[in-house]
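Here is the structure we will look at, set down as structure tokens.
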Amino acid sequence: MQEQDVTHKLSQYLLNIYQKVYIGRIFHFLLFADKPEIDAVQSNDTVSSYNDGTVRIYCLAHGVPSPLFTWYDTPNRSIATGSHNVTGGSVLELETIDAGSYGLYKCKAENLLGYDEHIINVTQTALPTSTIPSESKRHVKSSISIVNKEKTRSPVGRNIPLKVNEDIILLAAGGAVVFVLITTIIILAVMIYIKYSNNKSI
């Protein structure tokens with residue numbers, strides 16, 4: 001009987017610790033969760049390229065949990081390849097093969113609370129007469145920078161904190177803690193039962 005009381009107290013103690021940590025994380029998520037918002041200042045609005053060229057399109061957004069990004073082409077079809085995530089956003093590497101490659105492209109940032117969309121216009125130009133080497137994927141919007149009257153902006157400025165699925169990781173960690181606690185309680189209960197049975201048989 002005494003062993004059973006110890007097991008019960010231990011299980012209650014472990015569950016109380018779990019509840020304080022896990023519920024605290026849940027409240028933190030509820031307080032700071034926010035739907036995605038595209039950063040129009042740092043994201044591209046217009047980029048230029050030429051036939052058989054390649055251009056990078058940047059779409060930056062913030063939200064909690066971190067949004068997932070989807071790209072759509074001119075006929076509004078989702079683009080399955082050519083994009084990758086960067087700090088605070090996504091980049092689409094687009095090959096401009098012919099006239100059908102130009103037009104309006106859409107970036108969609110989405111999380112559990114909603115979504116936001118941004119349109120980027122890809123225009124056609126003649127072969128470039130000058131290019132500017134890219135400093136980094138984070139600070140240059142396009143790998144092709146053409147010297148003309150069109151003004152472009154680079155995605156520089158405030159740093160958007162990177163929270164790659166932080167809340168999902170926390171929830172998964174909480175589930176792992178529950179599993180460990182339950183396993184520990186079961187093992188302790190089995191050990192106490194075996195000990196109790198041995199004592200009783202003696």
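Owing to the predicted nature of the structure, the values given are computational and were not obtained by experimental measurement.
Among all heavy-atom pairs drawn from I120 and T46, the shortest one is CG2-N, 4.4 Å. Between Q42 and L60 the shortest heavy-atom distance is CB-CD1, 3.4 Å. Taking all atoms of both residues into account, the shortest heavy-atom contact from N121 to G103 is OD1-O, 3.3 Å.
Note on residues 42-124: pairs passing disulfide (SG to SG under 2.5 Å), not counting sequence neighbours, are C59-C107. The list of side-chain hydrogen bond (donor to acceptor under 3.5 Å, both in side chains) pairs with a residue in residues 96-108, not counting sequence neighbours, reads S49-T96, N51-Y102, N76-K106. Residue pairs satisfying the disulfide (SG to SG under 2.5 Å) criterion with at least one member in residues 73-102, sequence neighbours excluded, are absent. Residue pairs meeting the salt bridge (charged side-chain N to carboxylate O under 4.0 Å, His left out) criterion with at least one partner in residues 60-79, sequence neighbours excluded, are D73-R77.
To the nearest 0.5 Å, atoms CG (L94) and OG1 (T54) are separated by 8.0 Å. Within the model, atoms CG of D45 and NE2 of H118 stand 6.0 Å from one another, a figure rounded to the nearest 0.5 Å.
Side-chain contacts under 4.5 Å among hydrophobic residues (ILVMFWY), followed directly or transitively, place I119 together with L104.
Remark: T81 pairs with no residue by the side chain to side chain contact (heavy atoms under 4.5 Å, CB included) rule, at least two apart or across chains. Listed by chain and number, the residues in a side chain to side chain contact (heavy atoms under 4.5 Å, CB included) with S83 are W71, S90, L92 (sequence neighbours excluded). Every residue two or more places apart in sequence or in another chain was checked for a salt bridge (charged side-chain N to carboxylate O under 4.0 Å, His left out) with E37, and none qualifies.
Transitive grouping of hydrophobic side chains (ILVMFWY, heavy atoms separated by less than 4.5 Å) brings I57 and I79 into a common cluster.
No donor-acceptor pair closer than 3.5 Å links the side chain of S78 to the backbone N or O of T70.
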Donor-acceptor list for residues 109-116 side chains, cut-off 3.5 Å, not counting sequence neighbours:
residue, atom, partner, partner atom, Å
N111, OD1, L113, N, 2.9
N111, OD1, G114, N, 3.3
N111, ND2, D34, O, 3.0
N111, ND2, P65, O, 3.0
D116, OD2, I38, N, 2.8

